[in-house]
Number of protein chains: 4
Amino acid sequence: MSDGDEGAGRTRTDPPKRKDARRNKEALLDAAAAVFVRSGVDAPVRDIAAEAGVGLGTIYRHFPTRADLIIAVYRHQVDACADAGPALLASSATPYAALREWINLFVDFLVTKHGLAAVLQSDNAGFDTLHAYFLDRLVPVCTRLLEAAAAAGEIGSDIAGYELMRGVGNLCIGADNDLRYDARRLVELLVGGLRRPH
Amino acid sequence: MSDGDEGAGRTRTDPPKRKDARRNKEALLDAAAAVFVRSGVDAPVRDIAAEAGVGLGTIYRHFPTRADLIIAVYRHQVDACADAGPALLASSATPYAALREWINLFVDFLVTKHGLAAVLQSDNAGFDTLHAYFLDRLVPVCTRLLEAAAAAGEIGSDIAGYELMRGVGNLCIGADNDLRYDARRLVELLVGGLRRPH
Amino acid sequence: MSDGDEGAGRTRTDPPKRKDARRNKEALLDAAAAVFVRSGVDAPVRDIAAEAGVGLGTIYRHFPTRADLIIAVYRHQVDACADAGPALLASSATPYAALREWINLFVDFLVTKHGLAAVLQSDNAGFDTLHAYFLDRLVPVCTRLLEAAAAAGEIGSDIAGYELMRGVGNLCIGADNDLRYDARRLVELLVGGLRRPH
Amino acid sequence: MSDGDEGAGRTRTDPPKRKDARRNKEALLDAAAAVFVRSGVDAPVRDIAAEAGVGLGTIYRHFPTRADLIIAVYRHQVDACADAGPALLASSATPYAALREWINLFVDFLVTKHGLAAVLQSDNAGFDTLHAYFLDRLVPVCTRLLEAAAAAGEIGSDIAGYELMRGVGNLCIGADNDLRYDARRLVELLVGGLRRPH
DNA sequence: TATGAATGAGCGTTCATTCAT
DNA sequence: AATGAATGAACGCTCATTCAT
C-alpha cells in the first residue's frame, strides 16, 4: 500500500539481493528529502546524488524523472492525505467541517515542502507524472467532500475539486520563508468563501 | 510620475544627448513588453535585446536587474491600479464593494501578464526591487480598503493588506494555460471569505 | 565449426553444468541478432541483455567485447560466405564470374546488417577481433578468386584481396536508409572496373 | 565568395569592432582544423574550445551546430573543388578524363580529412546542413561531368551524380590510418567501371 | 556462474553576466 | 553611451564497465 514497486507478497518472492538496492533506494529517498528541504524540489540532480553518496546513474535508475523522485519522496504523505478524506467525512460533524479539516491536512503537507507547491502548477512537461499522481489521488477525494457539503446545502456547487485544489495549492506557494504570509489563514478564507450565504 | 530614474527637475539638468537614450529606453520597454507577452517575464535577456534591436549591454545599463525591467514595463499599469483604490472607495456603494472591484483590477493585471504572478512570490534575490515596488505601491492601497471595510463592519480585521495581496497574487499563478482553472473565481471566493458573518 | 571458444575435444573435458551456459549463450546470440536488426550493431549492451533476458554481466562473460559478440552472431554467415568461394570457383563459367557472384554474396550479407559495414572500417581499438576474424576468413577467399581471375587474364593483378574487401565493405555503408543509393550497383561498377581492358 | 557571412563589399561597410570577432573566428577555424586532424570531426566541442583558447559559448555563437563548423573549416576546399569541375571539362582531352580528374580532387580532399567521409554518410540529424552543403555544391558538378561523358559516349548513363558521389565518399572512409587500403586506387576502379564497354 | 545495481566520465547545451572595443 | 563577443559554470542525461551479492 505504500511502496508501489512491490506487491503485497514481496517478502516471500523477492530475490535476496534486493536488500541492497532497497537500502540504497531508501538512502536516496532520505537524501532527496533532505535536499528538497534545503534547496527545494528543483535542486540539481547532482546535489541529491552527493547527499546520498551515490552515483548519478543510481538516481536515474531508480527515478527516471525528477517527478518520479518527488512522488516517491512524498508518496506516503499524499496517500495518507487521500485516505483521510473519507475518514473525516465519517467522523466530522458536517461535510463542510470535514472539507475544512481535510484542506488543512493538504495545506500542512504542502507548506512544509519547499517549492513543491510551485512545481505543482508548472506546465513543464516532465512533471506530468507528478501532476497526474497528485490529481489522481487527491482530486477525487476533494470532489467527494465538495459534493457532500453541497448536498448538505452548506456550500454552493459551482466549484470543481480540481479548481479548489489548484487554488489551495497556489496559495501555499512561497508560504515558507515569509513570516508575514500565512497560507493557512488565506486558505481558510478561501474555504470560508465557499459557504453558502444562507 | 512615470520614469522613476529621473527626478522632477529632469528637463533642466539633462545633457542634450539624453534624447537618444530616452528613445532607446522606450524602445526597450516596448520590446520587453512584447517579449513578456510572448514568452513570459522569464524570457532570456537576449530575446529582449534582439526584439528591441539594441545590444545586450544597453539593457543592463538601463535596467541592471530583470526586476527593474519588469517594473518599468508595468509601472503605468501598477500606478493606475494604485490610483484606482481611492477612486473606487469614493465611488462605490460600500468599502467592501470597492475592495472587491479593486482586487478585480489587480487580478486583471496579473492574469494577462504571462508568468508575472509567479515571479512575484519567488524568493529569488534580485527580484527584491520588484517586490518592493509592488508592495510599496499596492499594499498601502489594499490596506486602506481593508481598513475602510473593517471600519464599516463589513469584514473582520484579522488580515493584513500584504497577506491578501500575496494570496491574490498566488491564486493568479498559472491562470493562463489552464482552462479548468479560473483565477478570478477563486479570488472571488477568497474575498468573499473576508466578509463578516453577521 | 561453430563455437570457436572451445577446441575440438571439448566434449570430453567440460563440466556437466556447461549445458546451461550453452543454452544461455545461444539465447544471447538470438537476442543480439534481433537487436542488431532493430537498432544496428551499435545498440546499447543493455538492450541486448534485456532482449535475451539475461544479466549484463553474462554478456560480458561470454563476449568480453562488442566485437566478440558481433562475430559470434554472424559467424555462420561469414563462414558460409567463405565456403562459397571455392564452390563458386568450381561451378562458374570463369573465375571472374565466380568473383562477381561471390562479391554479391558478401554484399548481400553486409547490406542486411544494419551498421555492420560501418563498424568494419572503424579503427576503434576493440574491434580488432572483429577485423581479424573477417579478414582471416574472407580475405584469403577473395584473394584466391582474384588470383584465379588474374591467371585467366580476365583482370589485372594490381589489387589485393584485402583492399577489394575493404572497398566493397565501404560501399555498403549506409546502404539501407537511402533509396537513392544502391550499394549493389556501385559494387558492380567497382568489380567491373577490375576487368582487364583487352 | 569565400566567407559566406559577409557580402562582397564587406570591407567598406563592416563596423570596425568586427575585427576582433573575425580574428577569433579564424582562430576557431584553425583550432578546429587542428583538432579535426588529430581526433576527427566528431571531436568533443570542448577540445576545440580548449585548442582555440576560447570559451565554449564562443564556438556555439559562431557555429551553432557542429556541421556549421565543419562546413566553415572546409568551405574553401569544397568550393575550389566545385569550381574545378567546369575548368577541367574545358581543359581535358575528353569529358571522361575530366570526370576522372575531378573525382581525384574530391578524393584528395576527403582522404586528408580525418573522419569527414564517415560523417558525410551519417543519417544523424544535425548534419543535415553539412549534407546539404556538400550535395548542393558538388553533386551538380558531378552530374554535369557525367552527362558530358555520357553524351560523348564514353560511359553509360545509368548512374546519378548523387550515387557516384556517395560511392566515392564511402570508399574514402577510413582511408587514412590504413596503409594497406588505398582509397584512390579503389575509386579509380569504380570510375573505370563506368566506362562503356565499346 | 549469473546478476544487475552502481558508478562516473563524458557529452551537448544554455544563458546570465562581464568587459574590451 | 552602446555594443555584442566572450566567458564558463551549471545542468540534464547516457552508457560502457565494474563488482558485491
Side-chain angles (χ1 to χ4, degrees), chain A residues 15-25 27-28 42-50 52-62 64-66 126, chain B residues 15 17-22 24-25 28 42-50 52-62 64-66 126, chain C residues 15 17-18 20-21 24-25 28 42-50 52-62 64-66 126, chain D residues 15-25 27-28 42-50 52-62 64-66 126:
Chain A
K17 226 174 316 155
R18 197 54 164 273
K19 216 161 23 177
D20 270 44
R22 159 158 266 111
R23 224 193 313 274
N24 226 317
K25 192 167 188 173
L28 219 38
D42 281 325
V45 183
R46 272 175 179 76
D47 289 3
I48 300 168
V54 304
L56 254 179
T58 305
I59 294 193
Y60 281 98
R61 160 185 296 275
H62 287 301
T65 73
R66 179 184 299 271
Chain B
K17 274 243 223 63
R18 198 51 165 267
K19 216 162 24 175
D20 275 40
R22 158 155 268 112
N24 229 320
K25 194 166 187 172
L28 221 37
D42 282 325
V45 183
R46 259 183 187 69
D47 290 3
I48 299 167
V54 305
L56 263 175
T58 306
I59 294 192
Y60 279 95
R61 162 178 305 275
H62 288 300
T65 73
R66 180 185 299 272
Chain C
K17 275 242 222 66
R18 199 49 164 269
D20 274 41
N24 229 320
K25 194 166 188 172
L28 220 38
D42 283 325
V45 183
R46 259 184 187 68
D47 290 3
I48 300 167
V54 305
L56 264 174
T58 306
I59 294 192
Y60 279 96
R61 162 178 306 274
H62 288 301
T65 74
R66 180 186 298 272
Chain D
K17 226 174 319 155
R18 196 54 165 271
K19 215 158 28 175
D20 270 44
R22 158 158 267 114
R23 224 192 313 273
N24 226 317
K25 191 168 188 172
L28 220 37
D42 282 325
V45 182
R46 272 175 179 77
D47 288 4
I48 300 168
V54 304
L56 257 177
T58 306
I59 294 193
Y60 281 97
R61 159 183 298 274
H62 287 301
T65 73
R66 179 184 299 270

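Chain letters run A, B, ... following the sequence lines, proteins first and then strands; every chain starts at 1.
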Subject >> Heavy-atom pair of closest approach, residues D/A52 and D/A27 >> reply: CB-O, 4.3 Å
Subject >> Interatomic distance, D/L28 atom CG to D/R61 atom CZ [nearest 0.5 angstrom] >> reply: 11.5 Å
Original post:
What nucleic acid atoms does D/G126 come within less than 4.0 Å of, heavy atoms only: base, sugar-phosphate, or nothing?
Top reply: nothing
Atom pairs, protein N/O to nucleotides 8-12 of chain F N/O, distance under 3.5 Å:
from: F/dG8; atom 1: N7; to: D/G57; atom 2: N; distance (Å): 3.4
from: F/dG8; atom 1: O6; to: D/G57; atom 2: N; distance (Å): 3.3
from: F/dA10; atom 1: N6; to: D/R46; atom 2: NH2; distance (Å): 3.1
from: F/dG12; atom 1: OP1; to: A/R66; atom 2: NH2; distance (Å): 2.6
from: F/dG12; atom 1: OP2; to: A/V45; atom 2: N; distance (Å): 3.2
from: F/dG12; atom 1: N7; to: A/R46; atom 2: NH1; distance (Å): 2.9
from: F/dG12; atom 1: O6; to: A/R46; atom 2: NH2; distance (Å): 3.0

**OP:** Calculate the interatomic distance between C/R61 atom CZ and F/dT17 atom C1'; express it in whole Å.
**Re:** 15 Å
Subject >> Whole-Å gap separating C1' (E/dT21) and CZ (D/R22) >> reply: 16 Å
Original post:
Counting only Watson-Crick or G-U wobble pairs whose two distances fall under 3.5 Å, which nucleotide matches F/dT17?
Top reply: E/dA6
Original post:
Can you name the nearest heavy-atom pair linking A/V54 to A/N24, along with the distance?
Top reply: CG1-OD1, 3.2 Å
Original post:
What closest approach, in Å, do D/D42 and D/R66 show between heavy atoms, and which atom pair accounts for it?
Top reply: C-NH1, 3.4 Å
Original post:
In the structure shown, which nucleotide is the Watson-Crick or G-U wobble counterpart of F/dA1, with both distances under 3.5 Å?
Top reply: none
Subject >> Any D/N24 side-chain N or O less than 4.0 Å from OP1/OP2 of F/dA6 >> reply: yes
Original post:
Between C/I59 (CD1) and F/dT18 (P), how many Å, whole number?
Top reply: 15 Å
Subject >> Rounded distance in Å - CD1 (C/I48) to P (E/dG4) >> reply: 16 Å
Original post:
Measuring from C/T58:OG1 to C/I48:CD1, what's the distance to the nearest 0.5 Å?
Top reply: 13.0 Å
Subject >> N/O (side chain, A/H62) to phosphate O (OP1/OP2, E/dA6) under 4.0 Å >> reply: yes
**OP:** Using atom CG of D/L28 as one end and atom P of F/dA5 as the other, report the distance to the nearest whole Å.
**Re:** 13 Å
Original post:
Over how many whole Å does the gap from D/K25 atom NZ to F/dA6 atom P extend?
Top reply: 10 Å
